[in-house]
Amino acid sequence: MGVDETGGSGREATAESLLATAEQAFLRTEFDVVQPLLQRLRNMFGEPDTDPADVRYGTLLAAMAARVENWPKAVRLCPDAPDGAETGIVHFLAVSALRELTREDRHTDAGVAAVAIVLWAHLLDEENSDDFRALLTGRRGQPLPDALWEQALGRLRGRIADLLRALDARAGRDALAAWHTAWEAEGVDGVIVFSDIPTDAGPDALIPPVDAAWHLVDHGRGAELLSADTARHPGFSLWPEDTPARRAYSVPLTRALADRGRDRVRGGRWSDALADFGTAAQLGHTLKSDEKDAVIRAWRNVGRGRNGLGNDPLVRIAGLEQAYVLLPGDTALAAELAAELLRRGKQVAHTDPLESRSLFTRALAVTPRDPAARAELDGLLGDEESFADAVRGMLARDPACGPARRWLERHSEERAVALAVSGRMDEAQAAVREMLRHKDPAQTPLRKNNHTLISLLLLAARRSDSGSRNGLERRVELLSTAVTIPSRIQDHVRENLHEALLLLAEHLEATAAPSDVIELFLRDLMRTGVSTRFDKVVENAYVLRATVRKRAGDVGGAQRDLAYAKAIGDGLPLQAPLFGSVPRKSRRDDPRQDTLF
């Protein structure tokens, strides 16, 4: 043995001399000497607690634990940043950790992976590689030429990266949880902290998903982030409040979506680009000027082929609707969308009158004072009534013509529903009477048959599409009309309306912006306290919009939204007056001028 038992070759032992002697003994592989020296250090001076002695001490203890394959202890003792530790001991620990990862039965040990990644990132740091280069030079016994040094570093980094990629592939880890991603990010930002790694490390233990996501986006690997997120959560949507882990990387995710949207515009993939921008906006992203320009280019081309070949009006309308959500103030876009809706409405006017009417109605919603849309809608209704007059004449000439009677019955039913929804109740009642006459000519229907009209509205609501926003909106519109008609089944109708409102609110929560949920709530079709789930959806929407507003610099708006969310969460009714009670003439008399919202 090269030292006496005091660790100082006869000199008086100090904490520094004992630690230095133990390090040198380790480097000479005199392991039976290291532990007694460390024990003497602890007995005489206690464990080092000042930098860098504590780092050197922890690294040495970790290396001793790794030597006997006690990796849980090695991971626990290894410093997060080994600056100041003996380079040879760091190298021994790094090599041992990398070898441990290659063992078939240890390749999922995230703690060992963290040690290997952090220590190799430290050794290969271009700004702090002098100690490592000096170590290799000493072992070679001759200087390392610069060209050979750079070549060797590149090969070593490549071998480590290849190993980590193989282990990721074997374990099925995606880019958000990959050891290879952690290896790259550690070399740039030093993102792995041993103390943050739990003993039962899961797939995200090495690096927080948000740090991994930002690294992928910042280094041009946004496609890998999107692929990983899609695999974890099939289908993009707004996330419920109870999934904070996925929320953690929403901002880099929206950036990746916007980046891909721009790339898809450059590649002429207009619909896909608009879908990406739309999803990014749903997740809180505010379009930048260049992104708005990309959206404009996309809507001008979506659904259009070269020289007019391959035009698809349905794809174009869908793309324009997506763009309209992103650029609601673009008057040129609104005009183009209305024009396309009118064009398509005219095409299907004779083959699908209901679809045509829906398209004309949507055109009026986009451009409320559009005379062309109004004229087309009035003309369509006039055409239908002209055809109905012809069928009535046929029935008058042949009262036994069953097909004519059944057609008029269905026509009157549809007309009663349309007139009721538009608020023309007297005409709707007249249509109900006509329907009943054609159904049973022997009966004389009452002047007002509220129960039948409500039944028609309920039937139309049940037939509406429950899988689309338009269908759910239509159902709410029909039921909200029905609930205003006096009837002994009004409570039943109101229950149906509340159920439809909840379904629409949940659909908007998953597919639309928070403001859409809030606008639905502010229509005052269901008060707070009726449905706990509905209240929670609205509360979440206010919280989400507050986050978006705060990010955009609208601090006042964010504070108001949070106040509204708290009021709903506390069960405060919508009509809670701010300035004391207000006399009201009836339950439905609500000027909305002195209420919380």
Side-chain angles (χ1 to χ4, degrees), residues 274 299-300 302-304 311-325 327-391 407-408 410-428 430-431 435 456-457 459-461 463-482 504 512 516 519 523:
L274 289 168
W299 76 251
R300 285 176 175 168
V302 66
R304 288 175 169 171
N311 288 355
D312 190 327
L314 296 181
V315 171
R316 179 149 184 77
I317 289 173
L320 290 171
E321 289 280 17
Q322 287 178 313
Y324 186 65
V325 173
L327 304 173
D330 191 322
T331 55
L333 170 58
E336 179 65 18
L337 173 57
E340 288 292 344
L341 290 166
L342 286 171
R343 235 177 255 121
R344 179 62 180 172
K346 292 176 184 178
Q347 288 177 356
V348 301
H350 299 294
T351 59
D352 193 344
L354 289 178
E355 175 65 14
S356 180
R357 183 188 302 165
S358 174
L359 291 165
F360 293 147
T361 302
R362 175 59 183 155
L364 272 178
V366 175
T367 54
R369 289 176 293 277
D370 188 339
R374 181 76 266 171
E376 290 293 345
L377 187 58
D378 292 341
L380 181 62
L381 295 174
D383 289 344
E384 288 181 3
E385 209 48 43
S386 297
F387 184 77
D389 287 340
V391 177
W407 187 91
L408 284 169
R410 290 194 300 271
H411 171 72
S412 299
E413 175 184 327
E414 293 173 359
R415 192 162 181 270
V417 169
L419 290 167
V421 168
S422 65
R424 297 150 70 180
M425 286 298 175
D426 289 341
E427 295 176 69
M435 181 202 75
L456 293 178
L457 290 164
L459 179 61
R463 290 173 175 171
S464 62
D465 180 13
S466 61
S468 69
R469 175 173 178 173
N470 287 340
L472 292 171
E473 291 271 17
R474 175 65 173 168
R475 179 178 296 182
V476 167
E477 182 182 44
L478 292 163
L479 292 172
S480 62
T481 300
L504 176 57
D516 291 357
E519 288 172 8
R523 285 160 64 181

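Counting begins at 1 with the first residue of the sequence.
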Self-check item: For A428 against A416, the heavy-atom pair lying closest together
Solution: CB-O, 3.5 Å

Quiz item: Among R316, R469, R362, which residue meets the salt bridge (charged side-chain N to carboxylate O under 4.0 Å, His left out) test with E321?
Solution: R362

Quiz prompt | Atom pair CZ (R424) and CZ (R415), whose distance is rounded to the nearest 0.5 Å | solution = 7.0 Å

Quiz prompt | Closest non-hydrogen atom pair, D516 against A512 | solution = OD2-CB, 3.3 Å

Exercise. Give, for atom CG of L457 and atom CG of L479, the distance between the pair rounded to the nearest 0.5 Å.
Key: 8.0 Å

Exercise. Give the minimum heavy-atom separation between V302 and V315, together with the two atoms involved.
Key: CG2-O, 4.0 Å

Quiz prompt | Taking every non-hydrogen atom, the tightest pair across A323 and L274 | solution = CB-CD2, 4.1 Å

Quiz item: Is there a side-chain contact between V366 and E336, using heavy atoms and a 4.5 Å cut-off?
Solution: no

Quiz item: What are the two closest heavy atoms between A461 and S464, and how far apart are they?
Solution: O-OG, 2.6 Å

Quiz item: Who pairs with V348 by side-chain contact (heavy atoms from CB on, under 4.5 Å), at least two apart in sequence or on another chain?
Solution: R344, T351, D352, E355, S356, L359

Self-check item: Listed partners of E413 passing salt bridge (charged side-chain N to carboxylate O under 4.0 Å, His left out), at least two apart
Solution: R463

Practice problem: Indicate yes or no: does E477 engage R523 in a salt bridge with an N to O separation below 4.0 Å. | Solution: no

Practice problem: To the nearest 0.5 angstrom, please state how far the CG atom of L341 sits from the CZ atom of R343. | Solution: 10.0 Å

Practice problem: Measure the spacing between CD of Q322 and CG of L327 and express it to the nearest 0.5 Å. | Solution: 12.0 Å

Self-check item: Heavy-atom closest contact (M425 atom, A420 atom, distance)
Solution: CE-O, 3.7 Å

Quiz prompt | Side-chain heavy-atom pair V421, L478 within 4.5 angstrom cut-off | solution = yes

